[in-house]
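Written below as structure tokens is the structure these notes are about.
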There are 2 protein chains.
Amino acid sequence: MRQEDAPLVRTLPLFAGASETTVEKLLQASFLQRFPAQVELISEDQPADFFYVVLEGCIELFANAGPKQSTAAIVRPVSSFAAAAVLRDGNYLLSARTLEPSRVLMIPGESVRAAFAGDAAFAKAFALELAAAYRRTMKALNNQKLRTAIERLANYLLQEHQTQGAAGNLTLPTEKQTLASLLGMTSENLSRSFGALAAHGVKVTGREIQLSDITSLETIAKPTPLIDDPMY
Amino acid sequence: MRQEDAPLVRTLPLFAGASETTVEKLLQASFLQRFPAQVELISEDQPADFFYVVLEGCIELFANAGPKQSTAAIVRPVSSFAAAAVLRDGNYLLSARTLEPSRVLMIPGESVRAAFAGDAAFAKAFALELAAAYRRTMKALNNQKLRTAIERLANYLLQEHQTQGAAGNLTLPTEKQTLASLLGMTSENLSRSFGALAAHGVKVTGREIQLSDITSLETIAKPTPLIDDPMY
DNA sequence: CGACGATTTGAATAGGATCAATGGGAGTGG
DNA sequence: CCACTCCCATTGATCCTATTCAAATCGTCG
């Protein structure tokens, strides 16, 4: 990777407590790559050669089964993916594509495992990241199994509203297609779910959403910190 | 914990490479408990005080949302749960109850984190366990989002058939209620799904299942190693 | 302007859930 | 040992949710 990027990368939470040598070794073997939108970075079922850290842009993780496709997560800076696959030296369970032009740090799995074994601070940071991702996935599973499509959408809107400053409006960060897949429904159904939420103060104009009755929306959504609080 | 249990516990894969001192410290602070069936060991949303290792019996992990309930996983010996919650020193995302009389090793979260920080071999084993659980959960999410109820049941049967020796028959390891919840459906719907699979050689007698046409069942199930292979 | 992909809308269908009632064992107590 | 009871499981009927297929509309980009 290029010299001028080193400072940025060193500030990553993942490298917070790691020793100088560890970071040095990791970065030396890594690639800091720029990708345009709609590039497939990894394909499910392939050997997990790299651990990925998203520095800029936006990556969609998704799975295929025959003709169907499901978005498992959307990764934004600064966050990572493929931790479990790399640590276990297994195969990717998900494919990944850029949704926007992105900058991505690619660290060889071999290097990650070596750093994990040799640097306790890095091991801790890496495992904490892994555990956080695990918990997000568990929440996604509960979300999917315990809620209807409208409830999932309502909770998504409330969460995004919170993230974006709770100003009574928000902007969808992805195409509605992608959002639908993330929320486990078809895009037609997402459209209808938005329609149903109009009665609860949700006004949709393209990707711009206005929430004029949060209370009513919360009544529908029945949010619970166990599923919806990103900090949990 | 009692002296006579120490040898058994020391053979756990989790402690495989760990130093004598690490294991010593962990076990000293731990409890090896026996529980009857239908005891709730942990309740979601509570501080994650203990990491659990199931030595005998069977534990159900589940989540509640209002009146609904969903089984996230069923843990059998020798395996563990609450790794992520304990490592992050957070709260449990799931409740846990014994389905059968069980023996469980309870290791204080504090001790786990100390051992993780102090013993690289233990850290590695623990993180590998965590990563494995993560991947199981991701597969469960894909299973839920990409498949119909009948497909999930068909794949479950094929997998269990494999696990139990591929002899053309298998025994359901839990009540059908629990299985239904694990597979993300109501028990009525499970019953009907079994009915639908009769046309594909699935004969149900209580908990005993006979599979007389694996090929036909696979046609329905469309299994894929990415979701169904436990080794992946 | 024209073309293409994304989104919306409509109609029909399928997949699951709910509600209600019935059948079937396993365990308990006489 | 048998009858009773309770809980689990099944079955039927109906309702609701969500998908599918088709067509129309909207936006964006060249």
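In the text below, chain A, chain B and the rest are named by the order of the sequence lines, each starting its count at 1. Computed from a prediction, not measured in an experiment: that's the story for all the values here.
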Tell me the salt bridge (charged side-chain N to carboxylate O under 4.0 Å, His left out) pairs involving residues 213-228 of chain A, sequence neighbours left out? A/Arg147-A/Asp228, A/Glu151-A/Lys222

Each nucleotide in nucleotides 17-30 of chain D should get exactly one letter: B, S or -. Can you fill that in based on protein heavy atoms under 4.0 Å? -SBBB---------

Rounded to whole Å, the CG-P distance (B/Leu190 to D/dT10) equals 7 Å

Can you list everything that forms a side-chain hydrogen bond (donor to acceptor under 3.5 Å, both in side chains) with A/Thr215? Sequence neighbours excluded, please. none

Test item: A/Lys139 side-chain N/O and A/Asp229 main-chain N/O as donor-acceptor pair under 3.5 Å: yes

Selection residues 139-169 of chain A - residue pairs positive for ring pair (Phe, Tyr, Trp, His ring centres under 6.0 Å), sequence neighbours left out: none

In the 5'-to-3' direction, what one-character label does each nucleotide of nucleotides 21-28 of chain C receive under the scheme B = base within less than 4.0 Å of a protein heavy atom, S = sugar-phosphate only, - = no such atom? --------

Separation of A/Leu99 atom CG from C/dA6 atom P, in whole Å? 12 Å

Interatomic distance, B/Arg207 CZ vs D/dA9 C1' [rounded to whole Å]: 12 Å

With sequence neighbours excluded, residues passing ring-ring contact (aromatic ring centres under 6.0 Å, His included) with B/Phe51: B/Phe126

Summary of ring pair (Phe, Tyr, Trp, His ring centres under 6.0 Å) pairs that have at least one residue in residues 190-232 of chain B, sequence neighbours excluded: none

Specify the residues of residues 195-202 of chain B, ordered by number, for which at least one heavy atom lies under 4.0 angstrom from an atom of DNA chain C. none

Take the protein atom CD of B/Gln177 and the nucleotide atom P of C/dA17, then report the distance between them rounded to whole Å. 15 Å

State, with a plain yes or no, whether a side-chain heavy atom of B/Leu197 is found less than 4.5 Å away from one of B/Leu157. yes

Checking the side chain of A/Thr137 only, and the main-chain atoms of B/Met138 only, is there a donor and an acceptor separated by less than 3.5 Å? no

A/Leu179 atom CG is separated from C/dT7 atom C1', nearest whole Å, by 13 Å

Residues 72-81 of chain A, side-chain donor-acceptor partners within the protein, below 3.5 Å, at least two apart:
residue	atom	partner	partner atom	Å
A/Arg76	NH2	A/Pro173	O	3.3
A/Ser80	OG	A/Glu129	OE2	2.7

Here the distance between atom P of D/dC7 and atom CD of B/Glu175, to the nearest Å, is 12 Å

Without decimals, in angstroms, what is the distance between B/Leu146 CG and C/dG15 P? 16 Å

Hey, are the side chains of B/Leu211 and B/Leu217 touching, using non-hydrogen atoms and a 4.5 Å cut-off? yes

Any pair counted as side chain to side chain donor-acceptor pair (under 3.5 Å), so long as it reaches residues 185-195 of chain A, sequence neighbours left out: none

Considering only residues two or more places apart or on different chains, which pairs with a residue in residues 54-68 of chain A satisfy salt bridge (charged side-chain N to carboxylate O under 4.0 Å, His left out)? A/Glu56-A/Arg103, A/Glu60-A/Arg97

Checking B/Asn64 against B/Gln69: is there a side-chain donor and acceptor pair closer than 3.5 Å? yes

Using rotation axes that map the C1' atoms of four end pairs onto the next four (five pairs an end), what angle separates the end axes of the helix from C/dC1-D/dG30 to C/dG30-D/dC1, to 10°? 40°

